[in-house]
Amino acid sequence: QVQLVESGGGLVPAGDSLRVSCTVAGRTFSTYTGWFRPAPGKEREFVLAIRRDGGRTYYAGSGRGRFTIPRDNDKNRVYLKMNSLKPEDTAVYYCAATTGSWPTGSYDYWGQGTQVNVSS
């Protein structure tokens, strides 16, 4: 059974940074691990993803230039590093993994989410 567990969310002032983590338990054979958050009119908004081999990171516009996704395969862990946080970044952030070939395709495994609150 594959389990993804997020942690590290919390309250942070606007302009500060925060790093949340996603620990993967079990064997996934995933090609991409990504981060999502709810958005108006969408079940999930793609934020960014990284290939399991670390070859490339894929960004959505909202996080481009501010968010990165460090990876530690030895610990079965990926992170969402958020810099220059804005109040509109407030959301529950979900970690997900896919065995597909496209970073914005259908994801197979999902975590429970971790709450990030950015104060003005």
Side-chain angles (χ1 to χ4, degrees):
Q1 182 70 34
V2 176
Q3 299 285 341
L4 284 73
V5 180
E6 303 96 331
S7 63
L11 176 64
V12 60
D16 281 13
S17 298
L18 187 68
R19 188 181 75 171
V20 299
S21 67
C22 172
T23 301
V24 181
R27 191 167 56 192
T28 65
F29 301 104
S30 63
T31 51
Y32 296 93
T33 304
W35 290 92
F36 294 77
R37 66 188 184 189
K42 302 177 182 179
E43 293 186 36
R44 299 285 192 276
E45 176 188 57
F46 175 79
V47 178
L48 79 171
I50 190 170
R51 287 174 57 169
R52 190 171 184 85
D53 62 11
R56 186 173 177 179
T57 302
Y58 301 85
Y59 296 93
S62 60
R64 191 180 302 275
R66 299 188 297 120
F67 294 178
T68 59
I69 184 169
R71 172 184 57 87
D72 189 341
N73 281 354
D74 290 339
K75 297 181 179 180
N76 297 316
R77 187 177 299 162
V78 298
Y79 305 89
L80 176 61
K81 182 64 167 64
M82 299 175 283
N83 298 318
S84 302
L85 281 163
K86 306 174 182 179
E88 52 263 42
D89 293 320
T90 295
V92 177
Y93 286 81
Y94 295 88
C95 179
T98 180
T99 57
S101 300
W102 301 96
T104 57
S106 178
Y107 277 70
D108 305 295
Y109 311 105
W110 294 86
Q112 82 288 348
T114 186
Q115 178 71 51
V116 175
N117 291 304
V118 184
S119 61
S120 60

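The first residue in the sequence is number 1, and the count goes up from there.
In this structure a side-chain-to-backbone donor-acceptor pair under 3.5 Å is missing from Thr114 to Glu6.
Every pair passing salt bridge (Lys or Arg N to Asp or Glu O under 4.0 Å) that includes a residue from residues 85-107 is listed here, sequence neighbours excluded: Arg37-Asp89, Arg66-Asp89. Within the structure, the salt bridge (Lys or Arg N to Asp or Glu O under 4.0 Å) test picks out no pair touching residues 107-117 (sequence neighbours left out).
Across all their heavy atoms, Ala60 and Phe46 have their closest contact at CB-O, 3.0 Å. Considering all non-hydrogen atoms of both residues, Glu45 and Ala39 come closest at CB-CB, 3.5 Å. Across every non-hydrogen atom of Cys22 and Leu4, the tightest pair is SG-CD2, 3.9 Å. Minimum interatomic distance between Tyr59 and Phe67 (heavy atoms only, all atoms of both residues): CE2-O, 2.8 Å.
Residue Trp102 is found outside any hydrophobic cluster, as its side-chain heavy atoms come under 4.5 Å of no other Ile, Leu, Val, Met, Phe, Trp or Tyr. When hydrophobic residues (I, L, V, M, F, W, Y) are linked wherever their side-chain heavy atoms come within less than 4.5 Å, Val5 remains an isolated member.
Atoms CD1 and OH, on Ile69 and Tyr32 in that order, are 12.0 Å from each other to the nearest 0.5 Å. Taken to the nearest 0.5 Å, the OH atom of Tyr58 stands 10.0 Å off from the CD1 atom of Ile50.
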Chi angles and distances behind the side chain to side chain contact (heavy atoms under 4.5 Å, CB included) call for Cys95, Thr33: CA-CA 7 Å; Cys95 179; Thr33 304; 3.8 Å; yes
Please walk me through it: do Thr57 and Thr68 pass side chain to side chain contact (heavy atoms under 4.5 Å, CB included)? CA-CA 8 Å; Thr57 302; Thr68 59; over 6 Å; no
As a quick check of understanding, evaluate side chain to side chain contact (heavy atoms under 4.5 Å, CB included) for Tyr109 and Val24, giving each step before the final call. CA-CA 10 Å; Tyr109 311 105; Val24 181; over 6 Å; no
Under 3.5 Å donor-acceptor pairs involving side-chain atoms of residues 77-85, not counting sequence neighbours:
from: Arg77; atom 1: NE; to: Thr23; atom 2: OG1; distance (Å): 3.3
from: Arg77; atom 1: NH1; to: Tyr79; atom 2: OH; distance (Å): 3.4
from: Lys81; atom 1: NZ; to: Asn83; atom 2: OD1; distance (Å): 2.6
from: Asn83; atom 1: OD1; to: Ser17; atom 2: OG; distance (Å): 2.8

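Not counting sequence neighbours, the partners of Ser21 by the side-chain hydrogen bond (donor to acceptor under 3.5 Å, both in side chains) test are Ser7. The side-chain contact (heavy atoms from CB on, under 4.5 Å) search around Trp110 returns Phe36, Arg44, Tyr94, Ala96, Tyr107, not counting sequence neighbours. Residues satisfying the side-chain hydrogen bond (donor to acceptor under 3.5 Å, both in side chains) criterion with Gln3, sequence neighbours excluded, are absent altogether. Residues passing the side-chain contact (heavy atoms from CB on, under 4.5 Å) test with Ser119 are Leu11, Pro13, sequence neighbours excluded.
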